[in-house]
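Take a look at the structure set out below.
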Amino acid sequence: MFLLNLRFINFKIMKKLVFIFGAALLIVACKESDKKATQTGTTDSGAAKQPTANNSADPENYTTIEWIDNINQSLPKIKEGEIVEVTYRFKNTGNKPLVVDNVSASCGCTVPEKPEEPIMPGKEGLIKAKFDSHGKPGTNTKTLTVVANTNSEKLLSFTVDVVK
């Protein structure tokens, strides 16, 4: 009986030691990965870090945007499975070319599209997004985050009711 208890206690201690060792190994590995990424300028995926217009551009190159369309749009009802496109028109009201560095969506069901070329001062541009309503019944509100050479990010949103 005593021998059985001793084996059980040893198993519990061994299990804890393996867990602690594994956690320590994970922490050390993550720190080494972060050091390498910082030194080489790469992320864990190995891709080079790309500077974003918002945090690496010289503030002297910042410009301003005037949104022509409402930045919070309500779309008409659609049937589940339909794909709907939403557009946001804007104008570069500054005196420097406007570079839209990135547009990201709050969900994988929404695919944004940004202008590839700079928008010259006084000119207009478009940001588009396609929403796939497959498996999304009910009211859906989606957000797009726009990063450009302006003094801050801009949030665009749209709401659409999806009926079965």
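Predicted model, so just to flag it, every value in this text is computed and none were measured.
- Results of the side-chain contact (heavy atoms from CB on, under 4.5 Å) test with F90 over I65, I68, D69 single out I65 as the only residue that passes.
- A side-chain N or O of T141 and one of T159 form a donor-acceptor pair less than 3.5 Å apart.
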(Q) Go through it in stages, so that I can follow the logic: the residues are V146 and V100, the test is side-chain contact (heavy atoms from CB on, under 4.5 Å), and I'd like the CA-CA distance, side-chain angles, deciding distance and then a yes or no. (A) CA-CA 7 Å; V146 180; V100 179; 4.1 Å; yes
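- The shortest heavy-atom contact between T63 and K96 is OG1-O, 3.3 Å.
- To the nearest 0.5 Å, atom CD of residue Q73 and atom CG of residue L156 are 8.5 Å apart.
- Minimum interatomic distance between V86 and L75 (heavy atoms only, all atoms of both residues): CG2-CD2, 4.1 Å.
- The closest donor-acceptor contact from the side chain of N102 to the backbone of V147 lies at 3.5 Å or more, if one exists at all.
- For the atom pair OH of Y62 and OG1 of T150, the computed distance is 7.5 Å after rounding to the nearest 0.5 Å.
- Checked by atom type and distance alone, the side chain of Y88 pairs as donor or acceptor with a backbone atom of S157 at under 3.5 Å.
- Legend: ring-ring contact (aromatic ring centres under 6.0 Å, His included) pairs involving residues 68-87, not counting sequence neighbours: none detected.
- With T64 contributing its side chain and G94 its backbone, the two residues share a donor-acceptor pair below 3.5 Å.
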Quick one: side chains of residues 117-140, donor-acceptor pairs under 3.5 Å with protein atoms, not counting sequence neighbours, listed by atom name and distance.
residue	atom	partner	partner atom	Å
D132	OD1	H134	N	3.1
S133	OG	K79	O	3.3
S133	OG	G81	N	2.9
S133	OG	E82	N	2.9
S133	OG	E82	O	2.6
T139	OG1	D161	OD1	2.5
N140	ND2	K136	O	2.8
N140	ND2	G138	O	3.1

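- Put simply, V111 and V160 are part of two different groups of oily side chains (I, L, V, M, F, W, Y) that touch within less than 4.5 Å, one to the next.
- Side-chain contact between I71 and L155 is absent, with no heavy-atom pair separated by less than 4.5 Å.
- Evaluation of the salt bridge (charged side-chain N to carboxylate O under 4.0 Å, His left out) test over residues 104-116, restricted to residues two or more places apart or in two chains, returns K114-E116.
- If you chain together hydrophobic residues whose side chains sit under 4.5 Å apart, F158 and I83 never meet in one group.
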